[in-house]
Protein chains: 2
Amino acid sequence: MGREKSSGKSGDEIGVSLPTEFDDAVMWAAWLYYADQLTQSEIAKQLNVSRATIVNYLQEARERGIVSVVINPKAGGRTSVARALMSKYGLSGVFVIPNGTDESLSQRLGDAGARVLADQIEDGDVIGVAWGRTVLAVADQIALTRPVSNLTVVQVSGSSTGEPEFSPELCTSLLSNRIHARCVNLLAPAVLSTRELKAALLAEPVLKKQMHLVHSSNRILFGVGDLGPRSTVRVSGIASQEEIDDYVARGAVAVIIGRFLDAHGAAVGGDHDDRMVGITLNELRQVPSRICVAGGSSKLPAIVATLEAGYATHFVTDIATGEALLAL
Amino acid sequence: MGREKSSGKSGDEIGVSLPTEFDDAVMWAAWLYYADQLTQSEIAKQLNVSRATIVNYLQEARERGIVSVVINPKAGGRTSVARALMSKYGLSGVFVIPNGTDESLSQRLGDAGARVLADQIEDGDVIGVAWGRTVLAVADQIALTRPVSNLTVVQVSGSSTGEPEFSPELCTSLLSNRIHARCVNLLAPAVLSTRELKAALLAEPVLKKQMHLVHSSNRILFGVGDLGPRSTVRVSGIASQEEIDDYVARGAVAVIIGRFLDAHGAAVGGDHDDRMVGITLNELRQVPSRICVAGGSSKLPAIVATLEAGYATHFVTDIATGEALLAL
DNA sequence: CATGTGTATTGACAAATGACAATTACGGTT
DNA sequence: AACCGTAATTGTCATTTGTCAATACACATG
């Protein structure tokens with residue numbers, strides 16, 4: 001009576017033991033609850049267990065992805081702010097989330113970004129991934145609601161030696177893991193000490209192959225960094241404080257995927273820029289679907305620069321930032 | 001204060017008025033509840049309405065498909081019964097739903113079938129649709145959780161003049177409507193009085209075109225009918241009681257898409273069969289993905305016949321029927 | 001200007017739910 | 001056979017949620 005153990009060695013399982021064995025009980029509880037709309041008590045009666053057990057089963061079902069709640073991304077793009085942003089910046093998709101606490105902003109944006117990305121993903125996609133707190137939040141919360149096969153996730157900029165908390169490698173591998181994709185980490189530092197060394201490294205067959213994959217991404221996910229004193233770039237280790245100050249002196253207000261932008265989104269190049277390994281801004285523009293996730297008042301000028309120059313095709317933000325962008 | 005009216009003629013909407021305008025409030029309530037996991041009271045506070053209103057918003061969000069609960073069809077296929085059925089009948093997918101009341105069986109099967117179909121649907125699909133109570137239940141409950149474009153739904157058998165409650169036309173048009181697909185109704189009766197007339201009709205350019213589309217379906221959805229006294233075929237009007245009795249006398253135990261099968265799934269042909277307009281059993285086998293939805297003890301022999309002969313690639317049933325099939 | 005009609009909203013109550021500590025069952029080990 | 005540690009299960013209670021009749025509101029009509 002009740003739920004059979006998941007040990008799998010009981011007599012009625014003939015032959016091969018399958019890898020991901022679902023407990024029938026969990027699946028059924030989920031079905032009866034979410035599809036048939038029975039109450040937990042009714043299900044408990046039917047399965048001969050206590051209601052509390054059903055609560056646990058349902059939790060498990062949600063955690064294991066047997067059931068998931070999908071919020072139609074089309075609907076998110078139909079709020080008034082989202083539509084205004086779409087027309088103002090010529091974006092093909094915008095998702096705006098409601099207000100919440102400031103501390104949880106990147107978490108909440110990550111959730112939204114994850115849903116937007118998950119919705120777009122198709123068989124055979126090659127998904128480029130940048131890095132940063134927000135990108136990591138997306139990677140951390142993404143979950144596919146339908147089976148997709150043959151995905152590749154590729155790191156689009158070299159690996160940094162600094163802050164490992166939201167490194168390119170971590171963002172890439174976490175995301176690929178969550179969506180069961182092939183993972184390609186760029187086997188190169190983000191910045192090299194000379195252009196010559198960079199050129200030599202990129203000439204290596206391994207890297208040539210990897211960079212080729214970077215350039216063939218059909219989607220890319222990135223955040224926007226500002227250049228304030230506590231900003232992500234300043235702790236990321238991709239450039240020294242002096243180098244960053246130099247970029248600022250030359251008009252930079254934003255960073256995307258390691259590249260610096262001025263107030264109108266034009267590239268701010270230079271020696272340091274030339275020594276960086278990763279997708280360039282012009283290459284970025286070649287990617288058909290470019291999802292930018294960013295929000296927060298401190299990033300406003302940086303976001304404006306990014307959007308104005310058309311680096312994104314899809315934009316995920318919060319309502320406060322969205323309204324501020326429209327007010328400008 | 002509160003929710004703005006959806007009249008759409010207020011001043012802040014410049015230019016074109018978009019067709020499906022979502023109320024921001026509904027969208028936000030949905031987001032805050034399902035994504036941010038706030039309680040209804042918290043959301044009510046934030047949006048300055050009563051909690052009861054939030055309940056209504058959330059209901060509306062579910063009804064309008066802004067949020068939907070998806071049950072991973074892969075998981076449904078991993079219950080022990082589903083896997084046993086897959087191997088016994090060589091099916092590539094099986095979904096088994098738990099027990100419930102007998103009256104609601106076709107509703108519940110319809111829900112499951114709808115989810116299985118919705119999960120499979122891809123851009124550009126041509127979906128053949130048979131008819132019957134179960135097929136109608138699928139059509140009635142299907143909802144896409146992601147945007148899919150360029151779908152065609154095509155009626156795979158002629159239109160009957162009998163029972164209009166679950167006619168081929170209704171099944172087809174309802175389904176196509178639900179998934180925003182192009183709808184192709186076969187402009188011909190299900191049965192003609194002579195073979196010659198049928199041949200003449202099928203020679204018509206319009207029908208030639210339509211039949212060509214039928215044959216190019218890449219998915220097909222059908223139910224299974226038995227031949228008992230109260231069965232669907234007997235009220236459908238596709239054949240007279242005498243004709244049906246004749247089929248039975250010649251060994252028929254099942255009907256799928258208007259075609260009669262013997263106990264092992266072999267076609268039971270004859271004059272009446274020759275006069276029918278619609279996909280044939282051999283043509284059916286050419287369709288890559290064939291979803292069969294059926295359950296109930298009275299249909300057991302009919303289902304066995306259908307599955308044994310390999311007419312289905314995917315099968316949706318209830319646990320009672322599933323276990324009975326395994327016990328045979 | 002009163003009146004009707006349909007829809008959106010609310011408050012109050014009953015039901016359903018989630019959290020958690022206590023309890024029980026189980027597999028492996030002396 | 002007794003023991004132990006882990007994991008599943010349960011009872012209880014505070015919180016959250018759904019329902020429903022009553023009310024407010026906008027808009028059209030006589």
Side-chain angles (χ1 to χ4, degrees), chain A residues 1-13 17 20-69 71 75 79-80 98 100, chain B residues 1-13 17 20-64 66-69 71 75 78-80 98 100:
Chain A
M1 203 131 299
R3 175 188 191 186
E4 67 262 53
K5 284 281 130 304
S6 51
S7 67
K9 266 185 58 178
S10 49
D12 59 349
E13 272 296 326
S17 66
T20 40
E21 166 86 37
F22 281 109
D23 279 10
D24 291 12
V26 175
M27 172 60 206
W28 283 7
W31 181 266
L32 290 167
Y33 189 72
Y34 289 105
D36 287 350
Q37 311 250 63
L38 302 191
T39 68
Q40 298 180 350
S41 320
E42 291 173 299
I43 301 169
K45 217 174 296 162
Q46 189 164 331
L47 301 190
N48 277 316
V49 292
S50 75
R51 194 188 61 75
T53 302
I54 301 299
V55 174
N56 294 333
Y57 286 179
L58 293 176
Q59 236 158 27
E60 200 180 337
R62 283 185 295 258
E63 276 161 19
R64 288 210 276 183
I66 294 177
V67 300
S68 50
V69 179
I71 299 181
T79 60
S80 46
Chain B
M1 206 132 298
R3 175 188 189 185
E4 66 262 50
K5 285 278 130 304
S6 52
S7 67
K9 267 183 62 175
S10 48
D12 58 350
E13 271 298 325
S17 67
T20 41
E21 165 87 38
F22 283 109
D23 279 8
D24 292 12
V26 175
M27 172 60 207
W28 283 7
W31 181 266
L32 291 166
Y33 190 72
Y34 289 106
D36 287 351
Q37 312 249 62
L38 301 191
T39 69
Q40 297 181 351
S41 321
E42 291 173 299
I43 301 170
K45 218 174 294 161
Q46 190 165 330
L47 300 190
N48 276 316
V49 292
S50 76
R51 195 186 59 75
T53 303
I54 301 298
V55 174
N56 294 334
Y57 286 178
L58 292 177
Q59 234 156 31
E60 199 180 336
R62 283 184 296 258
E63 275 160 20
R64 288 210 277 184
I66 294 177
V67 300
S68 48
V69 178
I71 298 180
R78 283 186 196 147
T79 59
S80 47

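Keep in mind that this is a model prediction, so the values were computed, not measured. In the text below, chain A, chain B and the rest are named by the order of the sequence lines, each starting its count at 1.
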Undergrad: Looking at every non-hydrogen atom in both residues, tell me the closest pair between Ile54(B) and Gln40(B) and how far apart they are.
TA: CG1-O, 3.9 Å
Undergrad: Taking CD1 from Ile43(A) and C1' from dA16(C), how many angstroms apart are they, rounded to a whole number?
TA: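 Taking atom C1' of dA16(C) as the reference, CD1 of Ile43(A) is at 12 Å.
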Undergrad: Looking at CG of Asn56(B) and CD of Glu63(B), how far apart are the two atoms once the value is rounded to the nearest 0.5 Å?
TA: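 That separation rounds to 9.5 Å.
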Undergrad: Restricting to non-hydrogen atoms, name the atom on Ser41(A) and the atom on Arg51(A) that form the minimum distance, rounded to 0.1 Å.
TA: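 Closest pair (atom of Ser41(A), atom of Arg51(A), distance): OG-CD, 3.5 Å.
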Undergrad: When rounded to the nearest 0.5 angstrom, what is the spacing between CD in Glu42(A) and CG in Asp36(A)?
TA: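 The CG atom of Asp36(A) is 10.0 Å from CD of Glu42(A), to the nearest 0.5 Å.
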Undergrad: State the CG-CG distance between Leu32(A) and Leu58(A), to the nearest 0.5 angstrom.
TA: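 Going from CG on Leu32(A) over to CG on Leu58(A), the span is 9.5 Å.
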Undergrad: Please determine, for the side chain of Ser50(A), which listed nucleotide (dG11(D), dT9(C), dT17(D)) has the closest atom?
TA: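 Nucleotide nearest to Ser50(A)'s side chain: dG11(D).
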Undergrad: Minimum heavy-atom separation for Leu47(A) to Ala25(A), with atom names?
TA: CD1-O, 4.0 Å
Undergrad: Take the protein atom NZ of Lys45(B) and the nucleotide atom P of dT10(C), then report the distance between them rounded to whole Å.
TA: 15 Å
Undergrad: Taking the axis from the first five pairs and the axis from the last five, what angle separates them in the helix from dC1(C)-dG30(D) to dT30(C)-dA1(D), rounded to 10 degrees?
TA: 20°
Undergrad: Nearest whole Å is fine: how far is dG18(C) C1' from Leu58(A) CG?
TA: 11 Å
Undergrad: For DNA chain D, find the residues of residues 32-40 of chain B with a heavy-atom distance under 4.0 Å and give them by number; none if there aren't any.
TA: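 Going residue by residue through residues 32-40 of chain B, the ones with a heavy atom under 4.0 Å of DNA chain D turn out to be Tyr33(B), Thr39(B), Gln40(B).
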Undergrad: Tell me which of Ala52(B) and Asn56(A) sits closer to the 5' end of DNA chain C, going by the nucleotide each one is nearest to.
TA: Ala52(B)
Undergrad: Rounding to an integer number of Å, can you tell me how far Leu47(A) CG sits from dT10(D) C1'?
TA: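 Roughly 15 Å, once rounded to whole Å.
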Undergrad: Return no unless some side-chain N or O of Gln59(A) is found under 4.0 Å from OP1 or OP2 of dA19(C).
TA: yes
Undergrad: Please report the shortest heavy-atom distance between Met27(A) and Ile71(B), naming the atom on each side.
TA: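 Nearest pair, atom of Met27(A) first, then Ile71(B): CE-CG2, 4.0 Å.
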Undergrad: Indicate the atoms forming the closest heavy-atom contact of Ala61(A) with Ala30(A), along with that distance.
TA: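 Taking every non-hydrogen atom into account, CB-CB, 3.9 Å.
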Undergrad: Where the side chain of Arg51(B) is defined as all heavy atoms beyond and including C-beta, which of dT9(D), dT9(C), dT17(D) is the nearest nucleotide?
TA: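 From the listed options, dT17(D) comes nearest.
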Undergrad: For a quick test of reading the model, state the closest non-hydrogen atom pair linking Ile43(A) to Ala29(A) and the distance between them.
TA: CD1-O, 3.8 Å
Undergrad: Does Tyr57(B) place a side-chain N or O at less than 4.0 Å from the phosphate oxygens OP1/OP2 of dT9(C)?
TA: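 True: Tyr57(B) side-chain N/O within range (under 4.0 Å) of dT9(C) OP1/OP2.
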